[in-house]
Amino acid sequence: MSVKTNTISCVDAVVVGAGFAGLYMLHTLRDKLKMNAVVFEAADDVGGTWYWNRYPGARCDISSYHYSFSFSEEIQQEWSWSEKYAAQPEILAYLGFVADKLDLRGNINFETRVISSSFDESSQRWTIKTDKGHTVVCKYYISGVGTLSTATIPSYEGKDTFKGEVYSTSTWPHQGVDFTGKTVGIIGTGASAIQAIPLIAEQAKHLTVFQRTANYATPLQNGPMNPAEATAIKADYSRFRHEARAALAGVPFPNMRESIFKDSPAEVQQHLEACWKEGGFALWLGSYGDVLFDEKANAIVAEFVRNKIRGRVKDPKTAELLCPDYLYGTKRQPCETNYFETYNRDNVSLVDIKSAPIRKITETGLELSNDQHHDFDCLIYSTGFDAFTGPLFKLNLTGRKGIRLQDYWCEGPRTHLGLMTHGFPNFFMITGPQSPSVLFNMPLGIEQHVEWIADVIHHMETNDLETIEPEKAKEDEWREVVESIANSTLMPKTNTWYTGSNIPGKPRSFMVYLGGGAAYKQVCDEVVDSEYSGFILDNAAATQEVAVL
Ligand code: NAP
């Protein structure tokens, strides 16, 4: 159902977001649990991250067939991917296809942003308010807002004075941008910019890239989907999905070797070369088991990638500037297509803003701390996201005793399993902080979360329970689990959005469970089997009728 504005509606469940997570959650609530559910979505269509991130070159970097839902055999069989790694328009079309196939759009309130979410202890219900004047009271409240949906733009002095065109890779215009004949500046060289830069460079009169940190980008090796491979996958989807779920990051890399030190130097080079040719995340997550654990192993792969960069970029000074010096793979590895060759073009220049940071934005461009001025017609920000917590805080959640989520999480996220947080009963986070989320196959991780939430709701309804929330002590234990696994790897040694250190003032904690999807699912399943050990389940009836806050 869709809900009316300026009136109070009561439903069983509210879901925020109509990306992969929101769509499957809605389908599960409405069609499997037979519940009354509504979705609020800020965009005017489904798609989530793939609705907003329309910059040139945007595409997934795990293979298309892995980057899709597994819950419906009919959808799996009907949909075919045209490329090994699907581009944004095709992924968006896929999500539109899913929404139509399951007839989901009628329950989604588009162009509607949640502005507040409050739990009322006496009625034991959530009240959700939107910018369109909806007030909806519900028992279950589920976030499908994603992890990378709150973009951040640095607060440079003079930011609003620039007189040219300003773009952000995370909210790219739907009609596209024609840079023909224009000079362009782009700030940031993360995964988004690395996809966009080669295509913008082909069009612009001149492109200036402002780089603070060079990245270990490796080739995606995209191409048309091999029809025989697609047919084989479709003929045996259950094995394909089974292998994916069993793999640490939700995508199998069968050629992974245990330790780089068990091979001779020549064998190492040969194996790294094979991973390079395989493309995608093969080098990062599928080369050697010790690369993300042992600094010496890591250094070998880091130097391998730097040598590749040196071999591709003609100007030695530019090549060195493009060579990263942090621990390989501790930042999310970007995948690229012609990224490094782009710097061989006459119309592209690279500016180091680590040694001379941006001092201010001006009417015509920007000024660096070394007094250099750079002028351009268009300025693009590709400066990342307030990951994990940013999108949740925007929901303005207030739990028991009027506590705001921001205050409860003032020292970093407190969750059990990354799914729920104490004091915010019946509130669920799909791919929340401290779950495998961004370091697992996203669609499969989302399915596991949605199905776990559905199990909880089914248990609650069949046992006449009113609320569920984790014990506070379990959150401390879970944080310890997440942090100790992360600390056994090299990942926390680098400042990244995984730790929150890309955002000034954000408390630092490792926000991804790195134990792998299978181990994580086992922990979640054990909770269900134990009838929710570690969670407080309450069947106390409400002390008063719904009070709208
Ligand atoms: P990002 O990786 O966080 O990169 C942000 C870039 O902006 C970095 O180069 C960063 O430099 C720079 N930056 C940030 N603040 C700055 C400042 N104040 N001054 C100068 N430079 C600044 O963001 P992203 O590229 O949007 O990617 C984020 C994540 O989205 C990825 O890691 C990935 O998980 C996801 N993504 C996925 C895909 C895909 O699946 N195909 C594609 C794109 C993105 P520093 O490194 O020095 O901080």
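Heavy atoms of other residues, nucleotides or ligands lying less than 6.0 angstrom from CD of Gln270 number 12 at most.
Side-chain atoms of Thr431 and Ser437 form no donor-acceptor pair, as typed in the model, at a separation below 3.5 Å. Side-chain contact of Ser349 with His206: a donor-acceptor pair under 3.5 Å is present, judged by distance alone. Using a 3.5 Å distance cut-off with no hydrogens or angles, the side chains of Thr161 and Glu363 do not pair a donor with an acceptor. Looking only at atom types and distance, the side chain of Thr183 has a donor-acceptor partner in the side chain of Asp377 under 3.5 Å away. Residues Thr415 and Trp409 bring no donor and acceptor atom of their side chains to less than 3.5 Å of each other. Looking at Ser355 and Asp352, their side chains do bring a donor and an acceptor atom within 3.5 Å of each other. If you check the side chains of Arg508 and Asn495, you find a donor sitting under 3.5 Å from an acceptor. Inspection of the Thr494 and Thr496 side chains reveals no N or O donor paired with an N or O acceptor under 3.5 Å. Judged purely by distance below 3.5 Å, without hydrogens or angles, the side chains of Thr218 and Gln333 pair a donor atom with an acceptor atom. For Tyr408 and Glu475, the side-chain atoms include at least one donor-acceptor pair closer than 3.5 Å. Side-chain contact check for Ser509 and Arg414: no donor-acceptor pair (N or O, by modelled atom type) lies under 3.5 Å.
Taking the centre and axis of the six-membered ring of Tyr51, the NZ or CZ atom of Arg54 falls inside the cone set by 45° and 6.0 Å.
Pairs of residues two or more places apart, or lying in two chains, that qualify as salt bridge (Lys or Arg N to Asp or Glu O under 4.0 Å) and include a residue from residues 276-299 are Glu295-Lys493.
No close placement of the His449 and Tyr24 rings is indicated, their centers lying 6.0 Å or farther apart. Ring centers of Trp81 and Tyr67: at least 6.0 Å apart, outside the cut-off. Phe388 and Phe393 have their aromatic ring centers separated by at least 6.0 angstrom.
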Where do Arg345 and Glu202 land on the salt bridge (Lys or Arg N to Asp or Glu O under 4.0 Å) test, with the steps shown first?
-> CA-CA 9 Å; Arg345 298 175 68 105; Glu202 281 176 14; 5.1 Å; no
Give the C-alpha distance, both sets of side-chain angles, the deciding distance and a yes or no for salt bridge (Lys or Arg N to Asp or Glu O under 4.0 Å) between Glu447 and Arg245.
-> CA-CA 11 Å; Glu447 287 183 340; Arg245 286 194 186 92; 3.7 Å; yes
What's the verdict on side-chain contact (heavy atoms from CB on, under 4.5 Å) for Ile300 and Val268, showing C-alpha distance, side-chain angles and the deciding distance?
-> CA-CA 9 Å; Ile300 295 170; Val268 168; 4.0 Å; yes
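Relative ring orientation between Tyr65 and Phe240 is described as perpendicular, the plane-to-plane angle rising above 60° on a 0-90° scale split at 30° and 60°. By the 30° and 60° cut-offs, the orientation of the rings of Tyr326 relative to Tyr216 is perpendicular. Using a 30° and 60° split on the angle between ring planes, Trp452 and Phe428 fall in the perpendicular class, above 60°. Relative orientation of the His416 and Trp478 rings is perpendicular, given thresholds of 30° and 60° on the angle between their planes. Between Phe162 and Phe376, the two ring planes are tilted [angle within 30° to 60°]. Between Tyr167 and Phe179, the angle of the ring planes goes over 60°, which puts this pair in the perpendicular group of the 30/60° scheme.
For the pair Lys474 and Glu477, the salt-bridge criterion is met [side-chain N within less than 4.0 Å of a carboxylate O]. The existence of a salt bridge linking Lys84 and Asp61 is excluded, since no basic side-chain nitrogen approaches an acidic carboxylate oxygen closer than 4.0 Å. Looking at Glu273 and Lys308, a side-chain N of the basic residue comes within less than 4.0 Å of a carboxylate O on the acidic one, giving a salt bridge. Salt-bridge check for Arg404 with Asp407: passed, with a basic side-chain N closer than 4.0 Å to an acidic carboxylate O. Salt-bridge check for Glu258 with Lys262: passed, with a basic side-chain N closer than 4.0 Å to an acidic carboxylate O. Salt bridge status for Asp325 with Arg306: absent, with no side-chain N to carboxylate O gap under 4.0 Å.
Residues satisfying the side chain to side chain contact (heavy atoms under 4.5 Å, CB included) criterion with Pro436, sequence neighbours excluded, are Phe440, Tyr513, Tyr520. In this structure Arg59 satisfies the salt bridge (Lys or Arg N to Asp or Glu O under 4.0 Å) test together with Glu83, sequence neighbours excluded.
A side-chain donor-acceptor contact under 3.5 Å links Asn370 to the backbone of Gln372. With hydrogens and angles disregarded, no donor-acceptor distance shorter than 3.5 Å links the side chain of His374 to the backbone of Gly365. A distance-only check finds no donor-acceptor pair linking the side chain of Thr383 to the backbone of Gly188 [under 3.5 Å].
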